[in-house]
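Remarks on the structure that follows.
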Amino acid sequence: MEVMEAIRARYSVRKYAQRAIEPEKLDRIMEAGRLAPTASNQQMNKHILVTDPNLIGKMVEACEGQQWIATAPAVLVECAGGDRTMICGQSARSMDGAIAMSYMTLQAVSEGLQFCWLGWFQPDRVRALLHIPEDYVVIAVAPLGYPEKEGHPSPKKSAADVIVYNTMGT
């Protein structure tokens, strides 16, 4: 699958088929995260792959009781050591994590899997459950698996609405 095909095929899934993910697919997904660029090439990210069904069940509570998470055969938790604000005012670690998650998402789609990138979770509860050190920023939680049923990408705004060349004003 080409990159643009994976981009167009990605959609959020909230119910997963009861089907294990092949270890070699998980390895390629994690490798995509490892190879993602980071600010100043500091590589401070940790990509935690949760596959233990008991831990996934406990992730439900750390994710505000979203029961559908327990249907996923794997949950990816993205975090990064420490943090620093870049000169542009953005968090280097959050940006690094977003890039890694994007790479892993596209690799997952190319493997026939789908993600649902969550924003509804309690970082401190995830940290405690997975024994993540206090100096790490928990950036994202994303259940991962084969969709129970085929879905479709959400509609996107037109190119004219979101793409600007050179300047936004006159």
Spatial distance of atom CD (Glu78) from atom CG (Leu49) [nearest 0.5 Å]:
11.5 Å
Any side-chain heavy-atom pair of Met1 and Glu111 under 4.5 Å:
no
How long is the gap from CD1 on Ile56 to OG1 on Thr51, to the nearest 0.5 Å?
6.5 Å
Check residues 62-76 and write down every donor-acceptor pair under 3.5 Å in which the side-chain atom is one partner and the other belongs to a residue at least two apart or another chain.
from  : atom 1 : to     : atom 2 : distance (Å)
Glu64 : OE2    : Gln122 : NE2    : 2.5
Gln66 : OE1    : Trp68  : NE1    : 3.4
Gln66 : NE2    : Cys63  : O      : 2.9
Gln66 : NE2    : Trp120 : O      : 3.0
Thr71 : OG1    : Tyr16  : N      : 3.1
Thr71 : OG1    : Trp68  : O      : 2.7

Could you check whether atom NZ of Lys25 has more than 12 heavy atoms from other residues, nucleotides or ligands sitting under 6.0 Å from it?
yes
In the structure I gave you, are the side-chain heavy atoms of Pro143 and Trp117 within less than 4.5 Å of one another anywhere?
no
Can you check whether Met59 reaches Val141 side chain to side chain, under 4.5 Å on heavy atoms?
yes
Under 3.5 Å donor-acceptor, Lys15 side chain and Glu148 backbone
no
Under a 4.5 Å side-chain heavy-atom rule over Ile, Leu, Val, Met, Phe, Trp and Tyr, are Met104 and Tyr136 clustered together?
no
Verify the cluster assignment for Leu106 and Met30: are they in a single hydrophobic cluster under the rule of side-chain heavy atoms below 4.5 Å apart?
no
Would you sort out whether Gln43 and Asn45 count as a side-chain hydrogen bond (donor to acceptor under 3.5 Å, both in side chains), showing the intermediate values?
CA-CA 6 Å; Gln43 303 177 55; Asn45 300 59; over 6 Å; no
Close side-chain approach of Val77 and Phe121, heavy atoms under 4.5 Å:
no
dist Gln107:CD -> Arg28:CZ (nearest 0.5 Å) comes out at 6.5 Å
Lys/Arg-Asp/Glu bridge criterion (N-O < 4.0 Å) met for Glu31, Arg34
yes
Has Tyr11 got a side-chain atom pairing as donor or acceptor with Gly151's backbone, closer than 3.5 angstrom?
yes
Validation row: Thr38, Ile99 side chains within 4.5 angstrom (heavy atoms):
no
Please answer: with hydrophobic residues joined when any side-chain heavy atoms are less than 4.5 Å apart, are Tyr103 and Val109 in the same cluster?
no
Mind checking whether Val50 and Leu26 sit in one hydrophobic cluster, side chains of I, L, V, M, F, W, Y counted as touching below 4.5 Å?
no
At their closest point, which heavy atom of Glu22 faces which heavy atom of Tyr146, and how far apart are they?
OE1-OH, 2.5 Å
Distance check, rounded to the nearest 0.5 Å: Leu113 atom CG versus Arg19 atom CZ?
8.0 Å
What's the separation between atom CD in Glu24 and atom CG in Asp27, rounded to the nearest 0.5 Å?
7.5 Å
How about Ile48 and Ile132: do any of their side-chain heavy atoms sit closer than 4.5 Å?
yes
For a 4.5 angstrom cut-off between non-hydrogen side-chain atoms, does Gln42 reach Arg84?
yes
Between Arg93 (side chain) and Cys79 (backbone), is there a donor-acceptor pair under 3.5 Å?
no
Same cluster (ILVMFWY, side-chain, under 4.5 Å), Ile139 and Leu144:
no
Nearest heavy atoms of Glu134 and Arg127, plus distance in Å:
OE2-CD, 3.4 Å
Strictly distance-based, threshold 3.5 Å: is any side-chain N or O of Asp96 a donor or acceptor partner for the main-chain N or O of Ala39?
yes
For the side chain of Ser12 and the backbone of Cys116, is there at least one donor-acceptor N/O pair under 3.5 Å apart?
no
